[in-house]
Amino acid sequence: MSNCAKIQWQHFIDRSNSKMSETKTARQFWISAPGRGEIVRAELPPRRNDDVLVRTVYSAISRGTESLVFRGEVPPSQYEAMRAPFQEGEFPGPVKYGYTSVGRVEEGPDSTPQDLMGRLVFCLYPHQDLYCVPAAAVTPVSDDVPAGRAVLAANMETAVNVLWDARPSTGDRIFVIGAGVVGLLIAWLCRQIPGACVTVVDTNPMRESIAKELGVSFLAEPPRDANADLVVHASGQPEGLTSALAIAGIEATIVEASWYGSRCVPLPLGEAFHSRRLTLKSSQVGRVPPDRASRWNPRRRMKLALDLLRDRRLDALITGESSFDDLPAVLAMVSRDPAAALCQRIRYSTA
């Protein structure tokens, strides 16, 4: 190596080391105690050689789960199971919780895979304006998926996992009870199965126009003569699961996609439950179904979820947007009335 090249190389190393040693400050959202949130400042640890630095453009509130976390309703038996990938603190608080972040990579090593520098990426990270994570923890967002829609990736990943658990088939009569974001995404995926007849059921009449935008039939109440081949319950309300059992046909499957936190859920498992030989199955995104686990991992599943967000009609699921500064008040509002909005997007100063 020539002297000139050595000098240039040393200059590059010095500059890189200087960048890595700079102290950076991030603004983070914490649940300080059940029912109370705040934005705090914290210094980021030095970026490790295999880390990327991401500046957030958007995050989003996971309406069901984050409302339960905000209210302090995670049961102690589920503290470990419900940990988010980059959670800090412990339930019920103080805790930094969330898993929907879209941002741009500002720094990373030369060996950063897939040429991530400057790329828009998705990460299962809490609400924070700047953060460092291993490069393997981010998934590039396709150029034809806008940043504002990419916040639906975690919900789409859940919907994909539900379909894998539910195994809908050609020609099935399918009912989805609960027209939240996950329920509507499940219905939207199911309607693309040839011959499938898909109906979403919700007591909130405001959801009808969104269901129609996605090409899905809507009912305010489940029909008594549904004779469904498959019912997916995603309302988060015990009464919805009772309705799911009532409309399932003989030998049908009911997939429970809701999570109730610390609530006790009574079910009518007497009456015709056994004579109709119904199957009640839970679905949770924390695990890839066993029949796919040898070929699929969460990273591949997330890439699929992002690829499925190319349809612009899915923008209808984002019904509210707030600034990061307003997040403490917004999450408090959402937790009091989870049915008021679908996806509540959080906008950062870089958006």
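Only this structure's heavy atoms are used, side chains among them; waters, hydrogens and symmetry mates stay out. These numbers were taken from a predicted model, which means no experiment stands behind them.
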Can you tell me if Arg300 uses its side chain to pair, donor with acceptor, with the backbone of Arg295 under 3.5 Å? yes
With sequence neighbours left out, write down each residue that passes side chain to side chain contact (heavy atoms under 4.5 Å, CB included) with Asn227, or none if nothing qualifies. Arg173
Using atom types as modelled and distance alone, determine if a side-chain donor or acceptor of Arg27 lies under 3.5 Å from a backbone N or O of Ile39. no
Whether the side chain of Arg149 engages the backbone of Arg310 through a donor-acceptor N/O pair (distance < 3.5 Å, no angle test) should be reported. yes
To the nearest 0.5 Å, how far apart are SG in Cys343 and CD in Glu321? 9.5 Å
Please enumerate all residues that pass salt bridge (Lys or Arg N to Asp or Glu O under 4.0 Å) together with Asp311, with sequence neighbours excluded. Arg313
Decide side chain to side chain contact (heavy atoms under 4.5 Å, CB included) for Thr319 and Ile210; before the verdict, give the C-alpha distance in whole Å, the side-chain angles of both, and the deciding distance to 0.1 Å. CA-CA 10 Å; Thr319 58; Ile210 299 172; 4.0 Å; yes
Side chain to side chain contact (heavy atoms under 4.5 Å, CB included), that's the test. Do Leu189 and Leu308 meet it? Break it down for me. CA-CA 9 Å; Leu189 290 172; Leu308 289 169; 4.1 Å; yes
So with a 6.0 Å cut-off around CD of Gln192, is the heavy-atom count from everything else above 12? yes
Return the orientation label for the Phe324 and Tyr348 ring planes: parallel under 30°, perpendicular over 60°, tilted otherwise. parallel
Output yes when a side-chain donor or acceptor of Glu213 lies under 3.5 Å from a complementary backbone atom of Ser209, and no otherwise. no
Does Ile250, at its CD1 atom, have more than 12 non-hydrogen atoms belonging to other residues, nucleotides or ligands within less than 6.0 Å? no
Could you walk me through whether Glu107 and Lys24 satisfy the salt bridge (Lys or Arg N to Asp or Glu O under 4.0 Å) test, starting with their C-alpha distance in whole Å, then the side-chain angles of each, then the deciding distance to 0.1 Å, before giving a yes or no? CA-CA 12 Å; Glu107 294 180 17; Lys24 292 181 171 61; 3.3 Å; yes
Let's go through Trp30 and Gln28 carefully: what are the C-alpha distance in whole Å and the side-chain angles of both, what is the deciding distance for side chain to side chain contact (heavy atoms under 4.5 Å, CB included) to 0.1 Å, and is it a yes or a no? CA-CA 6 Å; Trp30 282 73; Gln28 310 171 335; 2.8 Å; yes
If we only count heavy atoms from C-beta on, is the Arg299 to Met302 side-chain gap below 4.5 Å? no
Donor-acceptor contact present, side-chain Gln128 to main-chain Leu130, <3.5 Å: yes
Side chains of Pro238 and Arg263, heavy atoms from C-beta outward: is any pair under 4.5 Å? yes
So Met156 and Leu314, do their side chains get closer than 4.5 Å, heavy atoms only? yes
What's the verdict on salt bridge (Lys or Arg N to Asp or Glu O under 4.0 Å) for Arg48 and Asp51, showing C-alpha distance, side-chain angles and the deciding distance? CA-CA 5 Å; Arg48 296 173 299 183; Asp51 283 354; 3.3 Å; yes
Determine whether Ser258 and Glu256 satisfy the following criterion, side chain to side chain contact (heavy atoms under 4.5 Å, CB included), listing intermediate values before the conclusion. CA-CA 6 Å; Ser258 298; Glu256 175 57 282; 3.2 Å; yes
Looking only at the side chains, is there a donor atom on one of Asn161 and Thr158 sitting less than 3.5 Å from an acceptor on the other? no
Judged by atom type as modelled, is there a donor-acceptor pair below 3.5 Å linking the side chain of His233 to the main-chain atoms of Leu241? yes
Scanning both residues in full, the closest heavy-atom pair of Ser32 with Glu38 reads CB-OE2, 3.2 Å
Using a 3.5 Å distance criterion without hydrogens, assess whether the side chain of Gln344 forms a donor-acceptor pair with backbone atoms of Ile346. no
Is it true that Tyr58 and Thr100 share a donor-acceptor pair across their side chains at a distance under 3.5 Å? no
Are any side-chain N or O atoms of Arg83 and backbone N or O atoms of Gln87, one a donor and one an acceptor, separated by less than 3.5 Å? yes
Assess the side chains of Ser323 and Asp325: does a donor N or O sit below 3.5 Å from an acceptor N or O? no
For Tyr125 and Thr56, which I'm curious about, is there any donor-acceptor pair between the side chains at under 3.5 Å? no
Any side-chain heavy atom of Thr199 sitting closer than 4.5 Å to one from Phe218? no
So does Glu251 have more than 12 non-hydrogen atoms from other groups sitting under 6.0 Å from CD? yes
Whether Arg345 side chain and Gly148 backbone form a donor-acceptor pair below 3.5 Å: yes
